[in-house]
Amino acid sequence: MASAHVSAARYGKDNVRVLKTDRDAATGIHTVTEMTVSCLLEGDIDISYTKGDNSVVVATDSIKNTIFITAKQNPVNPPELFAAILGSHFIEKYSHIHAANVKVVTHRWTRMEIRGKPHPHSFLRDGEETRNVEARISRKEGIVISSGIVGLTVLKSTGSAFHGFVRDEFTTLGETWDRILSTDVDATWKWKAFPDVKAVREASSKFNPAWEEARNVTLTRFAEDESASVQNTMYKMCEQILAAVPETDLVTYSLPNKHFFELDLSWHKGIKNTGKDAEVYVPQSNPNGLIKCEVARGPASNRDSHL
Ligand SMILES: O=c1[nH]c(=O)c2[nH]c(=O)[nH]c2[nH]1
């Protein structure tokens, strides 16, 4: 056989579902956190692939168990801290494991308002939006954390234009000064690297306000921007998050442009339903535009296209 080697490898448990309750004995108020966790390890594990030698393998079943034990013995909120604690465990305990890649997806359980008051132990799923954290905990580079929002679906019925784009023999789209704009927000903000889990612990009070700020910037900009394009509106969101959260160094957005087509109904008794008379639209499930960008601090330097 031709000579070959393992040039990259990681393994672990994916889609570990965890629910943690927090019960405040004094007030009787409960809080719940539901997460889907992934934890993939890297290190001196090549012989498990090349020789079938499992002496270097921490079983994925044990990784799953470790996720549950870590959730029991530590806070799961903020998820950035939980991810850092979980990942650090593996590089501290096993000398041949050099990095852990942890992903924590936190699902929404929003407290119910019952008879005008926050209910102590009942919650509702108000949307498919999740709060996501990806952390790489490594011996060499410390702890690199990206926080994000995924699946926040928004729509505005005016305040969005798209004109001045390339017109040539491939163009059929008309220019518009007023259209529906809708997307599913996928935004991330990357934190400056932390040397160790102690540093993440010390920064722990920053994570929830940063998530609130990013969410608020996203919604406020989306609603208030007189949008020239998805590209321009998302860039403004990135700039504003960088300004509001100084501990971050990179912000990304990935936004589908979910199209709503105007519908000509003039065939029925001359009904007007286009342009300024448009009321009934046809939502398109596909294809969709997909617009991505990454915005870093400071003046332009090198760029690559890893998005
Ligand atoms: O905001 C937009 N950006 C585009 O690049 C684009 N392309 C397109 O057909 N519609 C839109 N809208």
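All residue numbers in this chain count up from 1 along the given sequence. Just so it is clear, the values below take in all heavy atoms, side chains as well, and ignore hydrogens, waters and symmetry mates. Every number for a ligand or one of its atoms is a count from 1 in the order of the listing.
Tyr281 forms part of a hydrophobic cluster together with Leu155, Ile180, Phe260, judged by ILVMFWY side-chain heavy-atom separations under 4.5 Å.
Atom OH of Tyr235 has 12 or fewer heavy atoms from other residues, nucleotides or ligands within 6.0 Å. In this structure, Glu279 places its CD atom where only 12 or fewer heavy-atom neighbours from other residues, nucleotides or ligands lie under 6.0 Å away.
Listed by first and then second residue, the ring pair (Phe, Tyr, Trp, His ring centres under 6.0 Å) pairs that reach into residues 136-165 are Phe162-Phe165, His163-Trp177, sequence neighbours excluded.
Residues meeting the side chain to side chain donor-acceptor pair (under 3.5 Å) test with Asp168, sequence neighbours left out: Thr171.
In this structure the side chain of Gln231 never reaches within 4.5 angstrom of the side chain of Lys292, judged on heavy atoms.
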Identify all pairs of nitrogen or oxygen atoms, one from ligand 1 and one from the protein, separated by less than 3.5 Å, and list them with distances.
residue: ligand 1; atom: 1 (O); partner: Arg179; partner atom: NH2; Å: 2.9
residue: ligand 1; atom: 1 (O); partner: Val230; partner atom: N; Å: 2.8
residue: ligand 1; atom: 3 (N); partner: Gln231; partner atom: OE1; Å: 2.8
residue: ligand 1; atom: 5 (O); partner: Gln231; partner atom: NE2; Å: 2.9
residue: ligand 1; atom: 12 (N); partner: Arg179; partner atom: NH1; Å: 3.0
residue: ligand 1; atom: 12 (N); partner: Arg179; partner atom: NH2; Å: 3.4
residue: ligand 1; atom: 12 (N); partner: Asn257; partner atom: ND2; Å: 3.2

